[in-house]
> 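Below you'll find the structure I mean.
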Number of protein chains: 2
Amino acid sequence: MAQESPTFSPLYRQIKSLILQALESGEWRPGQVIPSEQELAARFSVSQGTVRKAIDEMAADNLLIRKQGKGTFVASHNDPRALFRFLRLVPMDGDLAPPQSVPMDCWRAKAGQEASRMLGIELGDPIIIVRRLLKFAAKPVVIDEIYLPGEVFPGLTLEVLQSWSGSLYSLFETRFGLRMIRAQERLRAVAADRSTSEALKVPEGTPLLSVERVTYTYGDRPVEWRRGLYSTAEHFYLNELN
Amino acid sequence: MAQESPTFSPLYRQIKSLILQALESGEWRPGQVIPSEQELAARFSVSQGTVRKAIDEMAADNLLIRKQGKGTFVASHNDPRALFRFLRLVPMDGDLAPPQSVPMDCWRAKAGQEASRMLGIELGDPIIIVRRLLKFAAKPVVIDEIYLPGEVFPGLTLEVLQSWSGSLYSLFETRFGLRMIRAQERLRAVAADRSTSEALKVPEGTPLLSVERVTYTYGDRPVEWRRGLYSTAEHFYLNELN
DNA sequence: TAGTGGTCTAGACCACCCC
DNA sequence: GGGTGGTCTAGACCACTAC
């Protein structure tokens, strides 16, 4: 008889969003354990099974990582397994060695039409632009141009980038407390222009894979827009379809 | 004290593989309902919760589709929602209308080096090669060359292809009882050769997206290898990274 | 009203990890 | 031995669909 709420949400989803809030607020940091399922069940006054289902979904979303016998951990880009989560480039023959990131340039600018739309900020807001090279086995394969909202990355300079040995997202997470959750990539084929061809050491006009990526943090907030040009002479972009 | 089995498999996974077997054997066909969770629980002598967990995983794998109040159904490529499961091409501005498939050629041949390796068959085994165009809004965007193991597709001819109005995989499923489960794509950028440029109506040398796909049916058995050349002037390949 | 999947609970036991 | 996540069960109730 009672009016059902038109936006009915099961208990475990409410628990999920409470845990999400705690993550967002930094109550538990990347790499750390979160409380056990029993503790969370007590804290939220629900059964362990309900907490379990919430955590199940978050583990499927790559937000948490379960380890039997040890506990549940906040996912981190410092984890070496996270390195290839957003990088789908694979050498055509052989081994999947981690690439070397070579920051080449880093400067400040004002957001133009496209950057403001992609990053969800106002026209003219401060942004940071990074140019960097990705090398596989000492050979240049990708040139990236990365656009970041200036307010989110205070104090980001070329020096900071160059002195960091891990991945870019690992730097963002450690230094700016910003965790990348998901991304969307748009791929096209383009011809190498002069400066790109020099950077990647390919003839001008060579077909390259253009990969535009928008990356989101908690709450589906876009915090990075980048365009990469991939030389696919000895590598390909691998995609699993399920 | 007892020796633990080194290949321990929980009950719900055993149930899962039993249900998988039933699917493979054709006991329930694509689009049909499978028995209710209660019935399956009785059949396998386990609790409903265990069956439920097995079905949960299979739904996540896109093998089954749950519909509250109605039942659980075998996933089918005849379902219009399945159309874009393997096709990641999206128009740059606007609407996602279903493309039109235009089969151009279909002939028999013997498997060469590459085809035999990709399809897991012997060198010289009979294969079928299909060439077809994909049109979006009446404009040619993709040219596909598709390699199929001959034994799996008896009686496949250009006529059969041309008289079928649905998707290719929907034809395979309906006519040959073959369900495509997952696929792996390798993307590169290449330059359009003469014949491709004519088919896609682009200048020779235009950068194109080369998409090589291997598609698998039950039991991870490869049953299709195709190479598509995508014109990315007005479309892009969209990929979600989670 | 009856049947389906979806949620929630409580409790028992198993597998794994660390002390 | 004691803690963690992982499995399995049984039962109650809710939400949705069909008739």
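Letters A, B, ... are given to chains in the order of the sequence lines, protein chains preceding strands, and every chain is numbered from 1. What you see is a predicted model; the values in this text were computed from it and never measured.
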> DNA chain C: Gly69(A) or Ser45(A), which has the more 5' nearest nucleotide?
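Whichever sits nearer the 5' end wins; that is Ser45(A).
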
> Side chain of Gln68(B): nearest nucleotide among dG6(C), dT7(C), dT9(D)?
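When the side chain of Gln68(B) is considered, dG6(C) is the closest of dG6(C), dT7(C), dT9(D).
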
> Calculate the interatomic distance between Leu11(B) atom CG and dG6(D) atom C1'; express it in whole Å.
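Between C1' of dG6(D) and CG of Leu11(B): 13 Å.
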
> Any idea which of dG5(C), dT9(D), dA15(C) is nearest the Arg52(B) side chain?
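The nucleotide sitting nearest to the side chain is dG5(C).
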
> Can you name the nearest heavy-atom pair linking Arg179(B) to Asn62(B), along with the distance?
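Residues Arg179(B) and Asn62(B), closest heavy atoms: NH2-O, 3.5 Å.
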
> Please give, in whole Å, the distance from dG6(C) C1' to Ile55(B) CD1?
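Rounded to the whole Å, the gap is 12 Å.
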
> Look at the side-chain N and O atoms of Lys70(A) and state whether any lies under 4.0 Å from the OP1 or OP2 oxygen of dC18(C).
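Result: yes.
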
> Is there a side-chain polar atom (N or O) of Thr50(A) under 4.0 Å from OP1 or OP2 of dT9(C)?
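Answer yes for this pair, as a side-chain N or O of Thr50(A) is under 4.0 Å from OP1 or OP2.
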
> What is the distance, to the nearest angstrom, from the CD atom on Gln38(B) to the P atom on dT4(C)?
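Checked: the CD to P distance equals 8 Å.
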
> Given dG6(C), dC8(C), dT9(C), identify the nucleotide with an atom nearest to the side chain of Ser47(A).
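In terms of side-chain proximity for Ser47(A), the closest of dG6(C), dC8(C), dT9(C) is dT9(C).
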
> Among dT4(D), dT7(D), dT17(D), which nucleotide has an atom closest to any side-chain atom of Pro10(B)?
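Comparing dT4(D), dT7(D), dT17(D) against the side chain of Pro10(B), the answer is dT7(D).
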
> Within 45° of the six-membered ring axis of Tyr216(A) and under 6.0 Å from that ring's centre, is NZ or CZ of Arg182(A) located there?
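Relative to the ring axis of Tyr216(A), which defines the angle, Arg182(A) lies inside both limits.
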
> CG of Leu171(A) to CG of Leu156(A): how many Å apart, nearest 0.5 Å?
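The CG atom of Leu156(A) is 6.5 Å from CG of Leu171(A), to the nearest 0.5 Å.
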
> Check whether any side-chain N or O of Lys67(A) sits under 4.0 Å from OP1 or OP2 of dT4(D), and answer yes or no.
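Checking Lys67(A) against dT4(D): no side-chain N or O falls below 4.0 Å of OP1 or OP2.
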
> From OH of Tyr12(B) over to P of dC8(D), roughly how many Å is that when rounded to an integer?
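Distance, rounded to whole Å: 8 Å.
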
> Rounded to whole Å, please give me the gap between CG in Asp56(B) and P in dC8(D).
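Computing the Asp56(B):CG to dC8(D):P distance gives 13 Å.
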
> May I ask you to evaluate whether Ser36(A) reaches the phosphate of dG3(D), defined as a side-chain N or O under 4.0 Å from OP1 or OP2?
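The answer is no; no side-chain N or O of Ser36(A) sits under 4.0 Å from OP1 or OP2.
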
> Using atom CG of Leu64(A) as one end and atom P of dT4(D) as the other, report the distance to the nearest whole Å.
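Nearest whole value for this atom pair: 16 Å.
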
> Whole angstrom is fine here: how far is it from CD in Glu37(A) over to P in dG6(D)?
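The answer, rounded to whole Å, is 7 Å.
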
> Quick check, are the ring centers of Tyr230(A) and Phe236(A) under 6.0 angstrom apart?
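Tyr230(A) vs Phe236(A): aromatic centres not under 6.0 Å.
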
> Can you tell if the side chain of Thr232(A) reaches within under 4.5 Å of the side chain of His235(A), non-hydrogen atoms only?
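Side chain of Thr232(A) against side chain of His235(A), heavy atoms only: no contact under 4.5 Å found.
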
> Rounded to whole Å, how long is the line connecting atom CD of Glu57(A) with atom P of dC8(C)?
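So the CD-P distance, Glu57(A) to dC8(C), works out to 11 Å.
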
